[in-house]
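Structure record follows, encoded as structure tokens.
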Amino acid sequence: MDYNFREIEQKWQSRWAEAHTFKAVEDASKPKFYVLDMFPYPSGAGLHVGHPLGYIASDIYSRYKRLRGFNVLHPMGYDAFGLPAEQYAIQTGQHPEVTTDKNVARYRQQLDRIGFSYDWERSFRTCDPDYFKWTQWAFLQMFDSYYCNSCKSARPISELVAAFERQGTEGLDVACGEPMQFTAEQWKAFTPKEKSDVLMNYRIAYQGETAVNWCPGLGTVLANDEVKDGLSVRGGFPVEQKKMTQWQLRVSAYAERLLDSLDTLDWTDSLKEMQRNWIGKSQGTEVVFRVETGAQTTDVTIFTTRVDTIFGVTFMVLAPESELTARLTTPEQKDEVEAYLAYVAKKTERERIAETKSVTGVFSGSWGINPLTGEKVPVWISEYVLAGYGTGAIMAVPAHDSRDYAFARKFGLPIVPIIEGCDVSEQSFDAKEGKMCNSGFLNGMDVQEAIPAAMDYVEAHGLGHRKTNYRLRDAIFSRQRYWGEPFPIYYKDGIPTPLPESALPLTLPQIDEYRPTADGQPPLARAKDWTYEGYPLETSTMPGFAGSSAYYLRYMDPHNDKALVSPEADQYWRNVDLYIGGTEHATGHLIYSRFWNKFLFDLGYVCEDEPFRKLINQGMIQGRSNFVYRLVGTQTFVSAGLKDQYQTQEIHVDISLVRNDRLDLEGFRAWRPEFKDAEFILEDGEYICGWAVEKMSKSMYNVVNPDDICDNYGADTLRLYEMFLGPLEQSKPWDTKGIDGVHRFLRKFWRLFFDGDTCLVTDEAPTPEDLKTLHRLIGKEQADIENFSFNTTVSAFMIAVNDLTDRKVSKRAILEPMVILLSPFAPHIAEELWHVLGHEDSVAFAQFPVYREELTVENNCTYAVSFNGKTRFTVDLPKTLSREAVQETVLASDQTQRYLEGKSIVKVIVVPGKIVNIVIK
RNA sequence: GCCCGAGUGGCGGAAUGGUAGACGCGCUGGACUCAAAAUCCUGUGUCCUUAAAAGACGUGCCGGUUCGAGCCCGGCCUCGGGCACCA
């Protein structure tokens with residue numbers, strides 16, 4: 001019997017499916033382990049070999065944990081709402097659901113071939129009404145909650161209403177948009193509309209006007225993490241800033257908690273660091289500057305992290321979008337300021353980024369008074385100050401801030417250094433070090449002392465107070481799209497009103513066109529009768545991250561129609577023990593999910609404060625593209641080695657037409673009509689293609705499909721090979737060259753069991769040597785899997801199998817545990833051989849072999865003998881020998897004597913088990 | 001500009017501070033074969049010399065700690081990734 005992987009893999013995949021082998025059931029007698037992959041968006045292109053990398057790793061870990069006696073929850077589903085299906089719908093009129101169905105089916109088929117141990121009965125898509133009902137439900141919970149700063153928790157909005165009725169805003173410490181002040185009487189006198197507007201200032205899911213990333217190309221707003229370099233991540237369209245009223249989530253209320261509990265997570269440092277930067281906590285001071293505009297004065301609060309430099313302030317700057325700009329502009333400066341504001345407004349985000357080096361600004365005509373010195377400084381307006389951060393106004397210290405420095409230089413403003421001996425003739429001195437000068441009471445202090453001293457002073461004199469700011473903004477939650485969750489909100493007399501829970505899920509209406517309406521309304525406005533009890537329903541939909549924010553909770557209890565997750569299921573599965581996915585979600589999904597989970601935790605719906613305990617980022621598998629070089633303006637192609645002699649144009653060529661960088665000439669002519677009569681300039685009779693490592697993508701013709709690998713080598717080989725390629729976290733190019741070696745290993749393993757049709761397995765007793773081979777492998781696998789060092793485990797397997805092959809060992813006592821060890825990596829062949837060995841049950845639930853260290857321990861240690869640090873030879877000595885005995889034996893040996901050659905010994909250092917170093921003169 | 005991470009043969013990559021290059025690919029030579037495929041065996045960091053052995057040099061660069069450094073420390077260089085007017 002040969003190793004027929006096609007037959008074996010098909011057979012076991014269907015048996016696992018029929019027997020529901022990997023169905024997970026809550027079982028209090030076993031410890032749980034929850035392993036989750038970041039679920040994919042089912043795109044039309046299908047999976048390429050890069051996608052399963054993380055899935056294979058998580059499957060290996062899941063299977064390993066099962067062998068270790070854990071009750072493993074390992075689910076999979078689809079993040080199915082999203083832009084590509086909708087864009088396709090706009091072009092073709094095809095309902096996104098149809099496209100999604102088709103793509104999901106294809107994904108499932110591809111995933112199934114790889115032999116994952118998912119519990120498919122728990123699978124769902126984010127676009128299933130049974131699921132998004134709970135996304136809408138969570139939104140309503142947020143709508144109905146506010147965040148209490150003093151108890152650090154979300155609370156029902158009814159409590160806030162009660163507080164307003166009792167005492168107005170008196171003594172309130174809650175997260176809000178604009179600070180508000182009113183009495184209980186005033187509150188009671190508000191109209192329903194006014195009350196609704198006030199509460200919007202406090203709700204965790206709220207509607208508010210804000211500067212948004214508006215993408216005209218997509219006709220929708222985008223979240224910060226959906227924009228990169230001023231272009232939309234999906235589609236690459238330019239993005240501009242625009243003020244709009246949008247649904248938002250008050251993520252900023254959770255900034256401190258999101259930051260704090262990062263320390264409790266087993267994530268990589270780089271990922272935690274990314275989140276820390278994104279949250280961007282900075283502790284500083286708010287200081288009030290009195291500003292004179294003609295005869296009129298206004299108090300302007302600025303935020304700074306360096307109050308210690310306040311004696312170096314030579315001007316102030318306002319953000320162009322700040323409400324203060326109009327107020328502080330004098331009549332004389334009005335025209336100039338308005339021209340500047342117009343100039344800023346028409347710039348797109350992308351242009352702003354491209355011109356980040358250029359310095360622009362305009363004088364407002366007002367003068368601020370430095371509260372410490374009483375000195376007057378001019379107030380300028382410039383786009384380098386952001387309206388959305390701090391107070392939208394700054395004090396400028398050009399001597400010690402590079403941005404202020406550039407501005408001062410451009411507009412000829414004074415630069416006053418306040419740190420002794422620093423040189424500010426060429427650039428600012430930003431470092432927080434040195435002795436203070438020109439700074440009144442701070443003179444002579446070290447900068448590190450001066451910072452708190454200045455803060456204390458400002459607070460003591462009532463000039464300002466300490467303040468912590470965060471860069472983290474509230475998440476914009478509306479999208480002007482069709483293919484997303486509808487908001488369970490309708491407008492009753494203009495007041496946003498939540499739908500009752502009984503009306504959920506609110507499903508998408510049928511519409512006949514998916515583009516925005518002529519007057520710029522979202523596509524849902526096209527729906528006939530998009531109303532609730534006669535009132536209009538909200539027409540925007542939720543963003544992509546809505547559905548992915550709590551999906552891990554739903555897998556715990558996917559068919560529950562009473563709750564997102566039952567308390568019992570939640571108590572059992574708790575949170576994700578191991579989450580595997582790409583870093584690209586660091587500042588999107590992984591922040592939103594943590595926020596969402598903390599919110600549900602506050603309300604008591606879930607029992608863990610953090611959703612993902614351990615997180616591993618698998619690297620990307622890149623493609624290896626091939627190129628041909630066409631002589632410009634012809635259909636003649638020159639081989640890579642000769643291309644420099646000609647003027648050529650580089651063209652991607654499909655890698656299926658290339659083998660070992662040699663081009664299949666006939667195949668190439670047949671590839672495209674325009675290449676039908678292609679001529680070639682060859683080197684050594686062959687056409688050599690150029691190559692490069694690039695992202696794997698259709699347009700680069702470098703996509704390798706996992707199905708092809710499964711056809712030619714089998715899923716087990718694919719799985720082993722992807723792990724063997726290198727460390728999981730590292731990005732690496734796909735290269736099919738090495739795959740034969742891995743496949744050869746599996747065949748070699750098979751041949752330990754069979755020679756043709758003869759079964760070789762015997763009941764012969766293993767020798768100590770056999771046991772050593774086995775237990776080395778057990779020890780290695782045990783240690784490596786826990787470190788996700790799967791590549792070295794595969795190597796260890798190869799060594800063991802080579803060992804056994806050399807000695808022709810086909811003993812059951814050795815092979816049986818080896819099959820168990822192999823089963824997480826290559827489950828199909830392992831299952832087959834497990835049954836060949838006479839077992840009835842699945843190998844997936846066998847017991848991980850017990851490691852016996854004493855079997856692998858050497859009796860001898862190899863000592864490296866060095867002279868003055870240079871290793872000259874090695875010697876094997878019994879492990880039990882004492883230091884002194886080792887020293888004596890080594891010194892007495894012939895080899896040592898030969899190297900000594902009469903020189904005298906200064907000292908001898910013995911490192912037990914390792915080395916003998918002899919220092920000689 | 002700021003913050004992370006990484007630099008080891010022809011290639012992917014191994015090495016608790018202790019014989020650098022495991023394992024795999026590729027390449028040499030060989031066995032089996034009429035031949036091919038498959039399989040197996042052999043060699044394979046560089047240089048020098050050689051019949052062989054033995055040497056010398058080798059983990060991006062420069063220094064340091066150590067009996068001993070790919071690994072630890074300091075300073076550079078290069079390449080990836082993230083953030084980017086966040087006061």
Side-chain angles (χ1 to χ4, degrees), chain A residues 2 228-229 268-278 280-282 284-285 302-306 309 317 319 352-353 355-359 382-386 388-397 400-404 406-407 430 469-473 583-584 586-587 617 619-620 660 720-721 724-727 729-742 744-745 747-748 751 783 789 791-800 802 805-806 861-875 906-920:
Chain A
D2 278 340
K228 205 174 151 39
D229 300 332
T268 61
D269 289 338
S270 77
L271 196 84
K272 288 195 207 179
E273 203 50 36
M274 268 192 231
Q275 291 214 339
R276 283 195 194 102
N277 290 340
W278 192 258
K281 178 176 182 170
S282 75
T285 318
I302 58 96
F303 175 77
T304 178
T305 52
R306 295 287 307 274
T309 61
V317 189
R352 272 180 109 145
I353 286 164
E355 294 168 20
T356 132
K357 296 243 152 51
S358 78
V359 179
S382 172
E383 58 180 333
Y384 88 87
V385 173
L386 305 176
Y389 182 77
T391 60
I394 61 154
M395 64 178 210
V397 185
H400 304 289
D401 181 289
S402 52
R403 295 153 302 178
D404 298 344
F407 195 81
D430 293 13
N469 264 328
Y470 299 91
R471 278 175 52 194
L472 184 70
R473 307 292 158 79
T583 7
E584 67 270 23
T587 53
N617 296 117
M620 260 215 304
N660 252 338
L720 277 167
Y721 184 58
F724 187 66
L725 221 43
E729 284 99 330
Q730 220 166 78
S731 287
K732 51 229 156 185
W734 176 265
D735 180 354
T736 316
K737 272 192 208 144
I739 202 163
D740 291 305
V742 171
R744 214 167 281 157
F745 152 74
R747 283 213 304 257
K748 234 170 165 175
R751 281 202 305 275
S789 182
N791 54 334
T792 51
T793 316
V794 178
S795 294
F797 247 105
M798 291 176 173
I799 296 168
N802 283 343
T805 304
D806 285 350
C861 300
T862 303
Y863 281 85
V865 181
S866 357
F867 295 84
N868 290 344
K870 283 203 187 288
T871 302
R872 295 301 178 181
F873 58 89
T874 61
V875 55
V906 178
K907 69 173 166 179
V908 180
I909 297 148
V910 178
V911 180
K914 299 274 166 84
I915 201 147
V916 181
N917 188 49
I918 302 167
V919 184
I920 55 178

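Letters A, B, ... mirror the listed sequences (proteins, then strands); counts begin at 1. Fair warning: this is a prediction, and the values are worked out from it, not measured in the lab.
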Would you tabulate the nitrogen or oxygen pairs shorter than 3.5 Å linking the protein to nucleotides 2-11 of chain B?
none

Got a second to check how far [X]'s [atom1] is from [Y]'s [atom2], nearest 0.5 Å?
X: A/Thr805; Y: A/Met798; atom1: OG1; atom2: CE; value: 12.0 Å
X: A/Asn277; Y: A/Leu472; atom1: CG; atom2: CG; value: 12.0 Å
X: A/Ile739; Y: A/Trp734; atom1: CD1; atom2: CH2; value: 4.5 Å

Where the side chain of [X] is concerned, which of [options] is the nearest nucleotide?
X: A/Ser795; options: B/G24, B/A87, B/A22; value: B/A22
X: A/Met274; options: B/A14, B/G82, B/A87; value: B/G82
X: A/Thr792; options: B/C23, B/C85, B/A14; value: B/A14
X: A/Glu383; options: B/C85, B/C83, B/C23; value: B/C85
X: A/Arg747; options: B/A87, B/A38, B/G13; value: B/A38
X: A/Phe724; options: B/G12, B/A87, B/C83; value: B/G12

For this session: Quick one: do A/Met395 and A/Asp404 satisfy side chain to side chain contact (heavy atoms under 4.5 Å, CB included)? Show the steps, please.
Result: CA-CA 9 Å; A/Met395 64 178 210; A/Asp404 298 344; over 6 Å; no
What's the [atom1]-[atom2] distance between [X] and [N], to the nearest Å?
X: A/Asp740; N: B/A37; atom1: CG; atom2: P; value: 13 Å
X: A/Lys281; N: B/C83; atom1: NZ; atom2: P; value: 22 Å
X: A/Phe745; N: B/A38; atom1: CZ; atom2: C1'; value: 19 Å
X: A/Asp401; N: B/G1; atom1: CG; atom2: P; value: 16 Å
X: A/Trp278; N: B/A84; atom1: CH2; atom2: C1'; value: 11 Å

For this session: Using side chain to side chain contact (heavy atoms under 4.5 Å, CB included) as the criterion, list what pairs up with A/Lys737, not counting sequence neighbours.
Result: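 Once residues adjacent in sequence are excluded, the partners of A/Lys737 under the side chain to side chain contact (heavy atoms under 4.5 Å, CB included) criterion are A/Asn660, A/Asp735.
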Problem set entry | Counterpart residues, side chain to side chain donor-acceptor pair (under 3.5 Å), relative to A/Asp401 (two or more places apart) |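 A/Asp401: side chain to side chain donor-acceptor pair (under 3.5 Å) contacts with A/Arg403.
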For this session: Could I get the full list of side chain to side chain donor-acceptor pair (under 3.5 Å) partners for A/Ser282, not counting sequence neighbours?
Result: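 Partners of A/Ser282 under the side chain to side chain donor-acceptor pair (under 3.5 Å) test: A/Tyr389.
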For this session: Enumerate, in order of first residue number, the stems that involve RNA chain B, defined as 3 or more consecutive Watson-Crick or G-U wobble pairs with both distances under 3.5 Å.
Result: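 Listed by first number, the stems are B:1-7 with B:77-83, B:10-12 with B:23-25, B:29-31 with B:39-41, B:45-47 with B:55-57, B:60-64 with B:72-76.
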Shorter than 3.5 Å, N or O on both sides, protein versus nucleotides 40-43 of chain B: list them out with atom names.
{"unit_1": "B/C40", "atom_1": "OP1", "unit_2": "A/Arg751", "atom_2": "NH2", "d": "3.1"}

For this session: Would you mind calling B/G9 syn or anti? Take O4'-C1'-N9-C4 for purines or O4'-C1'-N1-C2 for pyrimidines, and syn is within 90° of 0.
Result: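 For B/G9, whose glycosidic angle is within 90° of 0, the conformation is syn.
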